[in-house]
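Following: one structure in structure tokens, then a few remarks.
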Amino acid sequence: MSSQPYNALKLSRFLSLILRHAPESIGLELDSQGWAKISQLLPLLKKRGFNLSFNELASIVQSNNKQRFIISEDKQKIRANQGHSIPIDLGYAEQKPPAILLHGTATRFIESIFQQGLTKQKRHHAHLSTDLSTAVSVGKRYGKAVILCIDAQTMYEHGYRFYLSTNGVWLTEQVPVDYISYYDAR
Ligand code: HQG
């Protein structure tokens with residue numbers, strides 16, 4: 001297994017790019033729910049230097065640290081579980097969120113967030129987590145991490161909708177300022 005003809009981390013990043021943002025960049029077609037046919041994907045990956053079998057793709061999907069991708073039950077299709085910027089419908093059902101959710105961001109966004117609230121930016125939703133270490137690592141991607149605490153229970157009571165992705169990320173359209181505070185690490 002150590003002689004893999006591709007780098008698993010690079011491949012995972014490339015899959016994120018093509019399954020969430022730019023399938024057309026390699027000529028891949030996604031259906032309205034974001035699924036790509038694996039029989040179409042594998043030859044396109046090969047052209048990009050990622051020469052792998054179905055089983056190798058399945059093992060990349062299975063070992064991904066954030067479970068970013070899923071293979072359909074019939075094993076014909078693959079999609080990203082969340083994080084898209086292209087218009088597809090993941091079809092997640094609305095769910096009651098935990099009372100508190102976290103959002104990791106960077107210090108440079110704080111002023112704007114406390115003016116406008118948390119907005120979805122280029123993606124379909126604002127992304128929230130139940131887990132402090134995930135929030136910290138998400139925030140660190142853009143600079144010095146700051147953790148925000150979201151009063152999801154009150155939002156829910158006020159009619160805001162929440163969705164839970166297959167890989168455990170909580171999604172909501174936006175979080176107005178009233179429901180945001182700094183996370184108190186104690
Ligand atoms: C910030 C990762 C200014 C927001 C994670 C974030 C996640 C604002 C950035 C997923 C703002 C958007 C998504 C406002 C929000 N003014 N900045 N009003 N509202 N922001 O990458 O949540 O590792 O689109 O705080 O696990 O960081 O890629 O969203 O810093 O689930 O699989 O604007 O990406 O997954 O950044 O991350 P993003 P995110 P992966």
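In each ligand, atom 1 is the first atom listed, and ligand 1 is the first ligand listed.
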With heavy-atom distances below 4.0 Å as the criterion, list the atoms of ligand 1 near [X].
X      : answer
Tyr142 : 21 (O), 27 (O), 30 (O), 36 (O), 38 (P)
Lys66  : 2 (C), 5 (C), 23 (O), 26 (O), 35 (O), 40 (P)
Arg68  : 23 (O), 32 (O), 40 (P)
Gly117 : 14 (C), 18 (N), 19 (N)
Gln82  : 31 (O)
Gln116 : 14 (C), 16 (N), 18 (N)

Kindly say whether [Y] contributes a backbone atom to a donor-acceptor pair with the side chain of [X] at under 3.5 angstrom?
X      : Y      : answer
Arg108 : Gly143 : no
Arg141 : Val138 : yes
His124 : Ile86  : yes
His84  : His21  : no

Kindly work out whether a path of hydrophobic side-chain contacts (I/L/V/M/F/W/Y, heavy atoms less than 4.5 Å apart) joins Ile110 to Leu132.
no

Answer yes or no: is there a side-chain heavy-atom contact under 4.5 Å between Ile150 and Trp170?
no

Taking side chain as C-beta onward, heavy atoms only, is Phe69 less than 4.5 Å from Asn81?
no

If we only count N/O pairs under 3.5 Å, is Phe109 in contact with ligand 1?
no

Nitrogen or oxygen of Ser112 less than 3.5 angstrom from that of ligand 1:
yes

Whether the Thr166 and Tyr92 side chains hold a donor-acceptor pair (N or O, under 3.5 Å, no angle test) is what I'd like checked.
yes

With a cutoff of 4.0 Å, is [X] in contact with ligand 1, counting heavy atoms of the residue only?
X      : result
Gln115 : no
Ser85  : no
Arg20  : yes

CH2 of Trp35 to CD1 of Ile78, rounded to nearest 0.5 Å, is 8.5 Å

How close does the nearest protein non-hydrogen atom get to [atom], and which residue and atom is it?
atom                    : answer
atom 29 (O) of ligand 1 : Arg123 NE, 3.7 Å
atom 5 (C) of ligand 1  : Val138 CG2, 3.4 Å
atom 22 (O) of ligand 1 : His103 CE1, 3.4 Å
atom 30 (O) of ligand 1 : Thr105 OG1, 3.2 Å
atom 19 (N) of ligand 1 : Thr119 N, 3.0 Å
atom 10 (C) of ligand 1 : His127 ND1, 3.3 Å

In terms of its nearest heavy atom to atom 33 (O) of ligand 1, the top option of Gln174, Arg141, Gln121 is Gln121

When the ring centroid of Tyr179 is compared with that of Tyr156, is the distance short of 6.0 Å?
no

Positive for side-chain contact (heavy atoms from CB on, under 4.5 Å) with Leu148, one of Tyr183, Phe109, Phe114:
Phe114

